[in-house]
Amino acid sequence: MLDLKVIRNTPDVVRKALADRQDDPGKVDRLLALDSEFRQLQVRIDGLREERNRASKTIGAIKTGKAEGDVAVLQEDMRKLGDELKTLEERQKEIELERMDPAGGVLFTIPNIPHETVPVGPDESANVEVRRWGTVPTFSFGVHSHDEVGEGLGMLDLARATKLAGARFVLQIGPLARLERALYNLMLDLHTQHGYTEVMPPAIANEETLTANGNLPKFKDQLFKLEEWPYYLIPTAEVPLTNIRRGEILDAAELPMRMTAFTPCFRSEAGAAGRDTKGIIRVHQFDKVELVKVVHPDSSYDELESMVNDAERILQTLGLPYRVVALSTGDLGFNAAKTYDIEVWFPSQNKYREISSCSNCTDFQARRGQTRFREDGQIRFPHTLNGSGLAVGRCLAAILENYQREDGSVALPEALHPYMGGLTELRRA
RNA sequence: GGAGAGGUGGCCGAGCGGCUUAAGGCAACGGUUUGCUAAACCGUCGUAGGGGCUCUACCUCUACCGGGGGUUCGAAUCCCCCCCUCUCCGCCA
């Protein structure tokens with residue numbers, strides 16, 4: 001959420017941000033109207049409470065013989081005042097819900113303000129490619145999609161995954177199952193070597209946690225909920241990691257916090273029917289190594305650049321060609337002020353596909369979760385960043401495609417050999 | 001799952017309808033003293049939202065004692081519901 005004071009003081013900035021995002025700038029004016037009414041009520045309510053507090057104190061003094069007066073008259077007056085107060089309080093509560101309620105208040109429908117360096121544009125067509133790395137491989141034979149390669153090896157069985165759970169689930173067997181483990185071990189090893197603290201969080205989160213992260217209530221239909229429980233399967237480790245210090249005031253010396261975590265991720269993929277139905281690109285359960293930083297506001301954009309580099313390093317280590325794209329205002333996520341996507345090359349689709357998304361959420365998430373830090377007596381909100389480092393399943397799919405050979409076997413990148421117990425290729429048994 | 005005991009400021013801990021404006025202590029910060037350190041002494045010392053104003057200051061009000069509701073002129077204190085922690089029992093990877 002944005003700072004209400006920022007919206008009051010610089011409404012034009014927020015209106016422009018909404019317009020750039022193809023959102024409704026009128027939200028600002030609706031919010032300001034509610035805010036004004038709320039504050040007027042606040043003044044009257046506080047005045048009445050003050051009067052009541054005084055009178056109650058007087059009644060107490062009279063009863064203990066420290067003052068003179070008619071208790072009955074005062075009590076009757078305060079009863080009437082109490083009725084009036086109750087009416088005003090109920091009114092204010094209604095306005096408060098419209099203004100600030102996480103489940104639908106106007107403030108919570110206003111997205112983060114894009115950074116000045118974000119390209120302005122209506123949708124993904126306005127995204128800007130920042131750089132490319134690696135050489136796109138050429139094949140002297142007809143390339144196969146990753147699922148064809150995996151099934152050809154006898155190590156990927158999507159039909160039986162469907163029997164076990166349903167469509168959009170994955171079953172890997174033998175060396176391909178081990179490849180999954182090898183990949184996330186490699187990722188965690190590299191990230192921890194570069195200053196990230198490894199974290200193993202719960203894969204289930206409660207409503208408060210998901211609300212603070214912005215997944216609830218807006219994206220409820222993207223989540224798997226546990227029946228009979230107020231719990232959800234996490235859609236990403238970003239959810240628990242950004243909530244670890246929720247509601248706390250940190251010491252400035254604790255910043256920056258850099259964390260990495262491997263978790264399964266669960267997404268309903270509601271609304272994605274028909275998209276990426278083939279293969280394991282878009283599934284209900286996938287593994288991901290996540291990067292999260294909680295940093296001082298002054299350094300957050302530098303931290304974003306280094307986070308992207310940290311994610312890129314994985315692809316470089318694996319020798320997978322990719323490009324980095326800066327998202328435009330129209331494509332930016334709700335929480336993000338700036339986002340880079342990393343897209344890896346998929347030969348069978350003849351295009352780059354997203355394998356990581358790294359965002360600076362500035363103070364937007366921290367404010368929502370009331371994560372703060374104290375510096376020179378001042379209390380401020382830190383900036384939070386999150387990025388995939390990387391999506392393991394998509395990484396595995398990219399290896400199957402980019403390293404496939406004509407005979408159906410797949411070479412393994414050298415960096416993985418130690419993680420595969422010396423195995424240098426995948427070959428049908 | 002059953003029985004009991006608890007949740008009060010950064011921490012410890014008193015308070016159990018009005019002398020609380022949440023005592024006292026520890027820690028922290030500023031100062032005095034000191035050759036240095038320590039000690040002692042003095043002061044400051046929660047968060048949030050309003051209002052005033054001569055607007056980085058200052059004055060002032062309100063809310064918050066796990067969360068939510070209720071009783072009352074008045075609730076940390078009484079009542080109801082929920083959450084969490086601890087101890088014991090049961091079950092269990």
Side-chain angles (χ1 to χ4, degrees), chain A residues 1-10 31-103 105-108 200 202-212 216 226 228-232 240 243-255 264 297 363 366-382:
Chain A
M1 65 192 261
L2 291 179
D3 185 351
L4 199 49
K5 284 176 188 154
V6 164
I7 301 174
R8 272 181 212 149
N9 296 336
T10 57
L31 181 61
L32 290 178
L34 288 168
D35 184 48
S36 165
E37 194 175 353
F38 180 89
R39 282 148 78 195
Q40 283 167 25
L41 282 167
Q42 180 82 35
V43 171
R44 292 176 62 192
I45 288 169
D46 281 356
L48 289 177
R49 283 178 178 160
E50 182 183 1
E51 196 182 333
R52 186 180 67 182
N53 287 346
R54 259 190 239 288
S56 293
K57 212 160 274 183
T58 304
I59 291 169
I62 293 168
K63 286 201 168 184
T64 52
K66 288 181 181 158
E68 305 261 319
D70 190 334
V71 168
V73 169
L74 274 173
Q75 283 183 340
E76 182 53 29
D77 286 351
M78 287 309 105
R79 239 192 304 274
K80 283 179 198 151
L81 185 146
D83 291 341
E84 190 187 350
L85 192 55
K86 198 160 192 172
T87 310
L88 290 176
E89 282 170 342
E90 276 163 14
R91 181 88 188 288
Q92 192 191 35
K93 204 167 188 173
E94 283 170 31
I95 291 164
E96 178 64 354
L97 287 178
E98 278 187 66
R99 184 181 75 145
M100 296 275 272
D101 180 36
V106 180
L107 182 61
F108 284 85
M200 188 75 221
I204 283 176
N206 61 30
E207 285 171 342
E208 291 73 38
T209 298
L210 284 153
T211 301
L216 285 177
L226 273 63
E228 309 292 328
W229 293 87
Y231 296 156
Y232 298 80
N243 270 273
I244 290 176
R245 304 301 293 274
R246 180 184 59 185
E248 297 184 34
I249 299 175
L250 318 187
D251 194 285
E254 294 183 76
L255 304 180
D363 58 3
R367 182 174 298 104
R368 190 160 181 162
Q370 287 294 299
T371 305
R372 292 168 286 178
F373 73 100
R374 197 188 305 268
E375 182 182 50
D376 302 327
Q378 288 259 339
I379 290 175
R380 304 178 64 185
F381 291 101

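Just so you know, these numbers use all the heavy atoms, side chains as well, and skip hydrogens, waters and symmetry mates. Protein chains get the first letters and strands the later ones, always in sequence-line order, with residue 1 at the start of each.
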Q: Should B/U20 form a Watson-Crick or G-U wobble pair with both distances under 3.5 Å, which nucleotide is its partner?
A: none
Q: Okay, side chain of A/R52, backbone of A/L85: is any donor-acceptor separation there less than 3.5 Å?
A: no
Q: Provide the distance between the two C1' atoms, one in B/G9 and one in B/G69, to the nearest whole Å.
A: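 My reading of the C1' atoms in B/G9 and B/G69 gives 25 Å.
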Q: May I have the distance from A/D70 (atom CG) to B/C73 (atom C1'), rounded to whole angstrom?
A: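 My rounded result for the distance is 13 Å.
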Q: What is the separation between atom CZ on A/R374 and atom C1' on B/A27, rounded to the nearest whole Å?
A: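 After rounding, the reported distance stands at 13 Å.
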Q: Quick check on side-chain contact (heavy atoms from CB on, under 4.5 Å): which of A/R91, A/Q40, A/E50, A/E89 does A/I45 satisfy it with?
A: A/E89
Q: Whether A/E96 and A/R99 form a salt bridge (side-chain N of Lys/Arg under 4.0 Å from carboxylate O of Asp/Glu) is what I want to check.
A: yes
Q: If we call it a pair only when both distances are under 3.5 Å in a Watson-Crick or G-U wobble match, what pairs with B/U71?
A: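 Checking every strand shown, B/U71 finds no partner, since no pair has both distances under 3.5 Å.
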Q: My understanding is that a pair needs two contacts under 3.5 Å, Watson-Crick or G-U wobble. By that rule, which nucleotide pairs with B/C11?
A: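 Per the H-bond distance test, B/G25.
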Q: Where each residue is assigned the nucleotide of RNA chain B containing its nearest heavy atom, which of A/L4 and A/I379 is assigned the position nearer the 5′ end?
A: A/I379
Q: In the strands shown, is B/A40 matched to any nucleotide by a Watson-Crick or G-U wobble pair with both distances under 3.5 Å, and which?
A: B/U32
Q: Does anything in residues 80-99 of chain A reach RNA chain B, meaning a heavy atom under 4.0 Å, and if so which residues?
A: A/K93
Q: Can you check the distance between B/G4 and B/G10, where both ends of the measurement are the P atom (answer in whole Å)?
A: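 Result for the P pair: 33 Å, nearest Å.
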Q: For B/A48, give its Watson-Crick or G-U wobble partner with both distances under 3.5 Å, or none.
A: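 B/U62 - that is the nucleotide pairing with B/A48, both distances being under 3.5 Å.
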Q: Measuring only the P atom in each nucleotide, how far is B/C65 from B/U8? A whole number of Å is fine.
A: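 Result for the P pair: 12 Å, nearest Å.
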Q: To the nearest Å, give me how far apart CD1 (A/I59) and C1' (B/G17) are.
A: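 In whole Å, B/G17 C1' lies 13 Å from A/I59 CD1.
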Q: Taking the side chain from A/T10 and the backbone from A/V6, do they hold a donor-acceptor pair closer than 3.5 Å?
A: yes
Q: Determine, for A/E254 against A/R245, whether the closest basic-nitrogen to carboxylate-oxygen distance falls under 4.0 angstrom.
A: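 So A/E254 pairs with A/R245 through a salt bridge.
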Q: For RNA chain B, whose closest nucleotide is more 5', that of A/R372 or that of A/G60?
A: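 It is A/G60, whose closest nucleotide lies nearer the 5' terminus.
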Q: Taking atom P in both B/A39 and B/A27, compute the distance separating them and give it to the nearest angstrom.
A: 8 Å
Q: Starting from P on B/A48, measure out to CD on A/Q378 and report it in whole angstrom.
A: 11 Å
Q: At 4.0 Å (heavy atoms only), tell me whether A/L74 reaches a base, stays on the sugar-phosphate, or touches nothing.
A: nothing
Q: Where along residues 37-54 of chain A does a heavy atom come under 4.0 Å from RNA chain B, residue by residue in number order?
A: A/R39, A/Q42, A/V43, A/D46, A/R49, A/E50, A/R52, A/N53
Q: Counting only Watson-Crick pairs (N1-N3 plus N6-O4 or O6-N4) and G-U wobbles (N1-O2, O6-N3), all under 3.5 Å, who is the partner of B/C92?
A: none
Q: Are more than 12 heavy atoms, taken from residues, nucleotides or ligands other than A/F38, located less than 6.0 Å from that residue's CZ atom?
A: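 Count over threshold, so yes.
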Q: Across all strands shown, which nucleotide pairs with B/C53 by Watson-Crick or G-U wobble geometry, both distances under 3.5 Å?
A: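 Partner of B/C53: none found under 3.5 Å.
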Q: Is the glycosidic angle of B/C58 within 90° of 0, making it syn, or outside that range, making it anti?
A: anti
Q: Using Watson-Crick or G-U wobble geometry with both distances under 3.5 Å, which nucleotide pairs with B/U85?
A: B/A5
Q: Is there a donor in the side chain of A/T209 and an acceptor in the side chain of A/N206, or the other way round, less than 3.5 Å apart?
A: yes
Q: What's the CD-P distance between A/E207 and B/G67, to the nearest Å?
A: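 Those two atoms, CD and P, are 18 Å apart.
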Q: Taking CD from A/E254 and P from B/G10, how many angstroms apart are they, rounded to a whole number?
A: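 Roughly 14 Å, once rounded to whole Å.
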Q: Quickly work out the A/R367 CZ to B/A48 C1' distance and round it to whole Å.
A: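 Those two atoms, CZ and C1', are 14 Å apart.
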Q: Is a salt bridge present between A/D83 and A/R79, judged by a nitrogen-to-oxygen distance below 4.0 Å?
A: no
Q: Pick the P atom in B/U20 and in B/C80, then give their distance to the nearest Å.
A: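 Comparing P positions in B/U20 and B/C80 gives a spacing of 29 Å.
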Q: Rounded to whole angstroms, how far apart are NZ on A/K57 and P on B/G17?
A: 18 Å
